[in-house]
Number of protein chains: 2
Amino acid sequence: MSHSVTLTTLDDAGVAKRLCDYDILPTRQRVQIARVLLAGDQHLCADQVLGKVKAAGSGVSKATVYNTLGLFADKGILREVKVDPNRVFYDTNNSEHHHFYNIDSGELSDIDPGRILVDQLPEAPEGSVIDSVEVIIRVRQQSIPDV
Amino acid sequence: MSHSVTLTTLDDAGVAKRLCDYDILPTRQRVQIARVLLAGDQHLCADQVLGKVKAAGSGVSKATVYNTLGLFADKGILREVKVDPNRVFYDTNNSEHHHFYNIDSGELSDIDPGRILVDQLPEAPEGSVIDSVEVIIRVRQQSIPDV
DNA sequence: CTGGCAATTTAGACAAAGTCCAGATTGCTC
DNA sequence: GAGCAATCTGGACTTTGTCTAAATTGCCAG
C-alpha cells in the first residue's frame, strides 16, 4: 500500500510500472529520471537530478528535467519542498512529514512524524482553502562556545 | 516594549532613532528604506521595496536595498520569510508568528498566533541547534465546484 | 508498412532575483 | 581638513528556472 517505498534494485520495467500507477506515461527520459530519484529516500534539487542523470550517461535535457519533476510532483509521486529561496527540493518521500533545513550546509532532512505535532489549525482566509501545511525547522551548525 | 509598532507618521528623526535602537547606523539610504517598510505591517519583497523607495523619489540603488534588507533582518528589525523559491519576503512584524501563503495570488498573510500551536518540537540533528521554526500554510483560491 | 497526429523532448534564448566588484561618496576622528 | 573606514553605486555577472519553435517519438488507422 505504501507508495513511498524506494528500491535501488528497481529495473526499468519496475520503474515504468510505478510511473503508470501514477498515471504517467513512461517515456525513456522519465524512466531515467525516476531511476535516479527512486534510488533511496532523498532530497534533491533539479540541478542535482540533472547532474545525476547525465552522470548515469543518459542524455536528458535541462528542460525535460524541469518539466518532469513538475509533472511528478503534480501526479504525487514526489513532493516539492520550498525552503530555500533559490531552489526547489524534490522529496522522494511523499508521505506526510516535515523538515529540518540546515542553513549552513543547505541540507534537508526529515523530521520523524511522531516527533512533531501541529495543533489547532486555523481556518484559511475568506475565499481560500488550505492546500498544504509545512513546518520548517531551520537549524545551524552548533557553534563552538566562547571560552 | 513592543518593537513591532509601525507608525505611518514616523518622521526621519524617529526612524533614525529606531534604527539606532537596533544598533544600525542611520544613513540616508537606510532611513529612506526604513520609512517605506515601517509604513504599517506588511510583507514586501526586495523588488517591491526598491520600487517604493524609488517612487518616493529617493535615489537608492538595488545593491543597497538588498544589503540593507539583509542587515535589517540580521539586526532583528524585520524578519525574512522564505516561502516562495523565487523571492524572499520581509515581514515588518518581527514577533513570533506564522503565515498563510496564497499560491495563486502570491500574497502572504499572518496567522493569528492564538490560532495555531506547534507541539512536541523535535531535537535538532546531531551537531546542530534550532535557529527558527516556521509554519507555512499554503492556500489556494477556493475553486468554483463543478456543477 | 505508411501517413498523420498528438505528445514529448530538445537546444538555446530569455527572464527574474540576487550577488559581486571596483570605484566614488560619506561621515568620523583627530 | 586630512586620513580612514564604512557605505553606496552602477553594472556585470550568476543561478535557477521558463519559454519557444523545431525535431523526435509513439501510436493508430487504413
Side-chain angles (χ1 to χ4, degrees), chain A residues 12-13 15-16 19-20 22-36 43-54 56-75 77-78 80-90 101 103 106 108, chain B residues 12-13 15-16 19-20 22-36 43-54 56-75 77-78 80-90 101 103 106 108:
Chain A
D12 281 8
V15 172
L19 295 180
C20 291
Y22 279 89
D23 198 22
I24 297 166
L25 197 92
T27 65
R28 178 182 63 83
Q29 290 88 342
R30 287 171 184 172
V31 170
Q32 286 171 332
I33 292 168
R35 288 195 65 157
V36 164
H43 304 98
L44 300 174
C45 62
D47 238 40
Q48 293 174 307
V49 173
L50 182 58
K52 280 174 182 263
V53 170
K54 284 196 168 157
S58 318
V60 175
S61 74
K62 183 174 67 152
T64 298
V65 169
Y66 279 91
N67 288 342
T68 301
L69 290 173
L71 178 72
F72 284 6
D74 279 353
K75 295 294 188 177
I77 201 167
L78 39 82
E80 291 182 335
V81 183
K82 293 159 187 167
V83 62
D84 178 324
N86 311 316
R87 216 185 324 270
V88 176
F89 285 96
Y90 290 89
Y101 182 59
I103 57 184
L108 201 62
Chain B
D12 281 8
V15 172
L19 294 181
C20 290
Y22 279 89
D23 199 24
I24 297 166
L25 197 92
T27 65
R28 179 181 61 83
Q29 291 87 342
R30 288 171 183 171
V31 169
Q32 286 172 330
I33 291 168
R35 288 197 64 160
V36 163
H43 305 97
L44 299 174
C45 61
D47 238 41
Q48 293 175 305
V49 173
L50 181 58
K52 280 173 183 265
V53 170
K54 285 196 166 157
S58 317
V60 175
S61 75
K62 184 174 67 154
T64 299
V65 169
Y66 279 92
N67 288 343
T68 300
L69 290 173
L71 177 71
F72 284 5
D74 279 354
K75 296 293 190 179
I77 201 168
L78 40 82
E80 290 182 335
V81 182
K82 294 158 186 167
V83 61
D84 179 324
N86 309 315
R87 214 188 324 271
V88 177
F89 285 95
Y90 292 89
Y101 182 59
I103 57 185
L108 201 62

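Below, all heavy atoms of this structure are taken into account, side chains as well, without hydrogens, waters or symmetry copies. All chains are named by letter (A, B, ...) in the order of the sequence lines, taking the proteins before the strands, and each is independently numbered beginning at 1.
The residue Thr64(A) sits close to a base: some heavy atom pair falls under 4.0 Å.
The nearest pair of heavy atoms linking Lys75(B) to Ile24(B) is CG-CG1, 3.6 Å. The shortest non-hydrogen separation linking Val53(B) to Gln32(B) is CG2-O, 4.4 Å. Taking every heavy atom of both residues into account, His43(B) and Phe89(B) meet most closely at O-CD2, 4.0 Å. When all heavy atoms of Tyr90(A) and Ala73(A) are compared, the closest pair comes out as CE2-CB, 4.3 Å.
When the P atom of dT9(C) is taken as reference, atom CZ of Arg28(A) falls 9 Å away, rounded to whole Å. Put simply, NZ on Lys62(B) is 12 Å from P on dA16(C), counting in whole angstrom units. Atom C1' of nucleotide dT7(D) and atom CG of Leu19(B) are separated by 14 Å, given to the nearest angstrom. As rounded to whole Å, 14 Å separates atom C1' of dT7(D) from atom NZ of Lys75(B). Between the CD atom of Gln29(A) and the P atom of dA23(D) there is a distance of 18 Å, rounded to whole Å. Look at CG on Asn67(A): it is 14 Å from C1' on dT16(D), rounded to the nearest Å. Following rounding to the nearest Å, Ile33(B) (CD1) and dT7(D) (C1') show an atom-to-atom distance of 12 Å. Straight-line distance from the CG atom of Leu71(A) to the C1' atom of dT18(D): 16 Å, rounded to whole Å.
The side chain of Thr27(A) approaches dT8(C) more closely than any other nucleotide in the set dG18(C), dT8(C), dT9(D). Each of dT7(D), dG18(C), dT9(C) was ranked by its minimum atom distance to the side chain of Thr68(A); first place goes to dT9(C). Of all nucleotides listed (dG17(D), dC19(D), dT19(C)), dG17(D) comes nearest to the side chain of Val88(A). Side-chain atoms of Ala63(A) lie closest to dG12(C) of the nucleotides dG12(C), dA17(C), dG17(D).
Along DNA chain C, the nucleotide nearest Arg87(B) and the nucleotide nearest Leu25(B) are compared for position; the residue whose nucleotide lies closer to the 5' end is Arg87(B). Where Asn86(B) and Ser61(A) each meet DNA chain C at their nearest nucleotide, the meeting point lying more 5' is that of Ser61(A).
Side-chain nitrogen and oxygen atoms of Tyr66(A) include none within less than 4.0 Å of the OP1 or OP2 phosphate oxygen of dT18(D). Checking the phosphate oxygens (OP1, OP2) of dT8(C), a side-chain nitrogen or oxygen of Arg30(A) falls inside 4.0 Å.
Using a distance-only test at 3.5 Å, with no hydrogens or angles considered, no donor-acceptor pair links the side chain of Arg35(B) to the main chain of Val15(B).
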